[in-house]
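Indexing begins at 1, ligand by ligand and atom by atom, following the structure's order.
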Amino acid sequence: MCGIVGYIGHREAYPVVLKGLKRLEYRGYDSAGVAIYDGKNIKLSKTKGKVVDLENRIKDEISVDGTLAIGHTRWATHGEPNDVNSHPHYSNSGELVIIHNGIIENYEPLKQELINRGYVFHSDTDTEVLVNLIEDVKKNEDVKLGKAVQIALNQVVGAYAIAVFDQKKPDEIVVARLGSPLVIGVGEDEFFIASDASPFIEYTNNAIYLEDEEMAIVRRGKKVKVRKIKDDSLVDPYVQELQLNLEQIEKGGYDHFMLKEIYEQPRAILDTFRGRMLANEGIIRMAGVDDNIEKFVNANRILIVACGTSWHAGLVAEYVFENLTRIPVEVEYASEFRYRNPIITENDVVIAISQSGETADTMAAIKLAKSKGAFVFGVCNVVGSSISRETDAGAYTHAGPEIGVASTKAFTTQITVLTLIALKLAQKKGTISKSEFHQYLSEMDAIPAKVEKTLESANHVKTIADIYKDATNFLYLGRGYNFPVALEGALKLKEISYIHAEGYPAAEMKHGPIALIDEQMPVVVIATRKGHYEKVVSNIQEIKSRKGKIIAVVMQGDKSIKKIADYVIEIPETLELLTPLLTTIPLQLLSYYIAVMRDCNVDQPRNLAKSVTVE
Ligand code: F6R
């Protein structure tokens, strides 16, 4: 939900900020803009559209020289995506300029007050209200920018990561956060500001992650000063050394990040269990689980909260946990959970799953669960993210940066982590036998190679994509562990190709969706041999007799379904519980190729953003 970037130091700031904006475009791409201090004045250029549109336009508009700049890439909340609503926003005097990720919820009364005091607004945004509020405080209370920001933010309800600077004091940028991420890159006599570390990783590995309700003054040639917004107390900033490298955030020869990330899955899954699972020794060790093993083992139930693809991983985990550990599991949309007065007790373990670690609804669900005394465990991909810091303990997925907006490797690595946890608990509780435990470990060990093998079906999947690329509806069916995979397959297709798709448990089809089936309707059926196979075969027959087209994902060597399906895609043989790690792959590829063939923007689908930091 919007990306923010800033630079102050000895380099030309514009190229740094522009490159940073391109890296953060996954967070929103409705509009883009920059403000540069050229030594005398603030120069501002912004436009509806993508960063490349800004790049093309800026040369005709302003000179881009200067060593202080801020930039923004927007996912629209208040005000339609147009040039005027794009960030940065000036204050009325033109002296202050701001970028903002988040929502100021009480912007209307604040705006009215400012209008009453003579302020004029040009955009429909909440952000323009904030910058004028800061200006108003600064003038009326005769305080410096940092103090004015602090006073203004104490009047604000909502979420924000902001960066603001003052033309009259161009040696500093003031930043603050509440609910939206903000990280400061600390270089040699230079500082970077960004929504995540990707914009500055080639310049420095040292970063300060601001916590909620903190602000910082980032001043040329000085140490970063961090304070609590509420009570003005000074905070000793923790400078973290990042492990990220540039290669991880570039396309590496692939046409799209999504394809690169699909192909990274063998490595990503391996990285997820490397060092945690010693298959030969029969050991799983995960610090976050080991340190809290009694809480897990004695849990009355496990509650999983997440959104989107992460919620689908949670659903897979429900089947896995209940089967292996016999602990009751409930999976909730974080957005529903947080508002429905759920029953949570101190004996519940809550697992929050989030790739970005920034999803607002998931964060709110965590806070609610913590307030009721539950132990909250996070499964996140982004190291140092807000959720990873808010939870009581956790396990990272180690998938590496996921930049394509459609989640791929995050999903399979989330399932990997959750399966490891379930196996660990099952071993501890004695709910599976020693030999079963060893069998799962050795099969998990083989999964990266089997994912690699599954990826070999890419050309075949591409052929199928070509046949069905013009369909207007798709149905995805699966049972058991693969029901959530059907949901995930449908979501992938919807979000990047804009084809309507629904996922269902295969047996539910006859309770309604079967009415949709005719010769135009492709139905993707996940039909692994050990998962209610005969029942799924019957479901396929029911579709065939209504002339639906069957694309079946089957296990290698399957004979029965080959005879009745229009197309089959094979996955290598594995244990049923682990099949989601393989059956997901062809569905990701199918949606990818269809989207490419339909000329859709795969990595930046319309209306979406990678990290949903608003409700
Ligand atoms: C779909 C997708 C979204 C996210 C959802 C949660 O491909 O990416 O549905 O899964 O927005 O995001 P995280 O996992 O970052 O909390």
Ligand 1 atoms in contact with [X] (distance to a heavy atom under 4.0 Å):
X	result
K492	1 (C), 7 (O)
S354	13 (P), 14 (O), 15 (O), 16 (O)
S310	10 (O), 13 (P), 14 (O)
Q355	13 (P), 14 (O), 15 (O), 16 (O)
A406	7 (O)

So which heavy atom in the protein is nearest [atom], and how far is it from that ligand atom?
atom	answer
atom 15 (O) of ligand 1	S356 OG, 2.6 Å
atom 11 (O) of ligand 1	V612 CG2, 3.9 Å
atom 5 (C) of ligand 1	C307 O, 3.7 Å
atom 3 (C) of ligand 1	T309 N, 4.0 Å
atom 7 (O) of ligand 1	E495 OE2, 2.5 Å
atom 16 (O) of ligand 1	T359 OG1, 2.4 Å

If we only count N/O pairs under 3.5 Å, is T362 in contact with ligand 1?
->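 N/O-N/O distance below 3.5 Å does not exist for this pair.
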
Output yes when [X] and [Y] qualify as a salt bridge under the 4.0 Å nitrogen-oxygen rule, no when they do not.
X	Y	answer
R267	D271	yes
D53	K48	no
K22	E25	no
E211	R177	no
D290	R285	no
R74	D30	no

When the ring centroid of F296 is compared with that of F377, is the distance short of 6.0 Å?
-> yes

Could you tell me if the ring centre of Y504 sits under 6.0 Å from that of Y476?
-> no

With a 4.0 Å cut-off on heavy atoms, does I387 reach ligand 1?
-> no

E358, portion touching ligand 1 at heavy-atom distance under 4.0 Å |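 Neither part.
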
Could you please spell out the steps behind the ring-ring contact (aromatic ring centres under 6.0 Å, His included) verdict for F474 and H500?
-> CA-CA 6 Å; F474 264 73; H500 174 248; over 10 Å; no

